Amino acid sequence: MLKLMQLELKKFHLAGYIRSALIANTCILGLIIIIALGNQSEGVPEFTRYAELLDLLDYLVRATFIIFASVLLCRFIVSEFKSKSINILFMYPIDRKKLMVAKLLVVLLFTFLSIIISEIIITAAVHLLNQFVVIVPDKLSLAVLRQQSVRTLINAVAASFMGLVPLYMGMRKYSVPTTIVTSILIVALLFSNNNGALGSTLGSIALVQIGFAVLGMLVAYAAIRRIEYKDITS
């Protein structure tokens, strides 16, 4: 399985996706700084506690990489089925199910690690900048870091499986736009709110996260079963 995953990573040039993830991190950091400094000219800080800023960071990172996961799904799976280039792989003595599992694991692990590493990098960058420009008038305590670390780990696992949900729509007609649009709709549903309070979003409700994560697992299972019984050449 690890060998198959390595072959997938080599075939699709992972370095390009890492660069894209770093660019996304820069954009998220810039957005947070703009939001934080936006009201300071009026003497009203946007964030009074680090926990508030870290909650926003968590939402932005998860939303970004759920959509990013759909791009990976399009490249690793949907596009190959659409162009039927997947048939070339099926000519080799490789179990179809193992091949699909390897592709899904690559997407899952990349999404999970991207969320974890992105939150670490951006949190460190914000903390460093806060020493020179007041982004949040609060100290980053170990208690806040411990609490946020546990939440980040749990949320990253859930978001990684949420990112698989668009595959269901994408595999129906092997449509790249449908896959990406579905992920955007999921993000809009989970992370949008009307009263400006982060805690009021669906993405902050544990049962909703679990439900979408389980749905992602079911979609992955359905995709694996589909290639076992469907004639790809048809």
Side-chain angles (χ1 to χ4, degrees), residues 1 4-6 8-9 11-28 57-82 86 99-122 151-192 201-204 208-224 226-227:
M1 186 60 67
L4 288 175
M5 292 172 66
Q6 290 173 356
E8 289 295 313
L9 293 174
K11 181 170 65 173
F12 290 104
H13 307 293
L14 184 63
Y17 297 105
I18 294 175
R19 284 195 297 269
S20 298
L22 291 175
I23 292 172
N25 286 347
T26 303
C27 294
I28 293 171
L57 168 61
D58 181 54
Y59 277 52
L60 291 175
V61 169
R62 282 191 289 152
T64 298
F65 285 102
I66 285 175
I67 296 175
F68 203 96
S70 72
V71 176
L72 294 177
L73 289 171
C74 290
R75 186 69 188 279
F76 280 68
I77 299 175
V78 177
S79 294
E80 286 205 330
F81 278 84
K82 183 178 181 179
I86 195 73
L99 179 61
M100 179 61 79
V101 169
K103 289 175 176 290
L104 291 171
L105 283 176
V106 168
V107 175
L108 275 171
L109 290 175
F110 187 90
T111 304
F112 174 77
L113 292 175
S114 295
I115 292 173
I116 297 294
I117 295 173
S118 295
E119 296 209 20
I120 293 173
I121 291 174
I122 300 174
R151 291 183 57 191
T152 297
L153 182 62
I154 296 173
N155 289 342
V157 172
S160 299
F161 284 101
M162 289 180 196
L164 300 181
V165 175
L167 183 63
Y168 173 77
M169 298 301 297
M171 289 292 283
R172 295 189 68 179
K173 293 186 178 180
Y174 304 136
S175 172
V176 169
T178 300
T179 308
I180 296 176
V181 169
T182 301
S183 71
I184 294 173
L185 291 176
I186 290 173
V187 166
L189 175 64
L190 292 178
F191 299 107
S192 62
T201 64
L202 287 175
S204 65
V208 174
Q209 290 193 65
I210 293 171
F212 270 88
V214 171
L215 182 58
M217 295 177 192
L218 294 175
V219 169
Y221 177 76
I224 295 169
R226 175 172 181 157
I227 68 167

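Small disclaimer: the values here were computed from a predicted structure and weren't measured.
With a 4.5 Å cut-off on side-chain heavy atoms, L104 and L73 count as touching. Counting heavy atoms from C-beta on, the side chains of L215 and Y168 never come closer than 4.5 Å. In this structure, the side chains of L164 and M217 stay at 4.5 Å or more apart for every pair of heavy atoms. In this structure, the side chains of M100 and I77 come closer than 4.5 Å at one or more pairs of heavy atoms. Residues N25 and L22 have side chains in contact (heavy-atom distance under 4.5 Å, counting atoms from C-beta outward). Within the 4.5 Å cutoff, the side chain of E80 has heavy atoms near those of the K103 side chain. Contact check for S79 versus V176: side-chain heavy atoms found under the 4.5 Å cut-off.
The CG atom of L189 sits 13.5 Å away from the CD1 atom of I184 when rounded to the nearest 0.5 Å. Taken from CD1 in I122 to CD1 in I117, the straight-line distance is 12.0 Å, to the nearest 0.5 Å.
Under the side-chain contact (heavy atoms from CB on, under 4.5 Å) criterion, V181 pairs with L185, not counting sequence neighbours.
Between M162 and A213, the shortest heavy-atom contact is CG-N, 4.2 Å. Between I224 and V101, the shortest heavy-atom distance links the atoms CD1-CG2, 3.4 Å. Nearest heavy-atom pair, L190 versus F212, reported as atom, atom and distance to 0.1 Å: CD2-CE1, 3.7 Å. Across all their heavy atoms, S160 and L108 have their closest contact at O-CD2, 3.3 Å. The shortest heavy-atom contact between Q209 and A158 is OE1-CB, 3.8 Å.
Stacking of R62 on the aromatic ring of Y59 is recorded, both the 6.0 Å distance cut-off and the 45° axial limit being met.
Using modelled atom types, one side-chain atom of S70 and one backbone atom of I67 make a donor-acceptor pair closer than 3.5 Å. Under a 3.5 Å cut-off, the side chain of S183 and the backbone N or O of P166 do not form any donor-acceptor pair.
When each of L72, I180, T179 is checked for a side chain to side chain contact (heavy atoms under 4.5 Å, CB included) with V78, only T179 meets the rule.
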For a quick test of your reading: what N or O donor-acceptor pairs under 3.5 Å do the side chains of residues 109-116 make, sequence neighbours left out?
unit_1	atom_1	unit_2	atom_2	d
T111	OG1	V107	O	2.7
S114	OG	F110	O	2.6

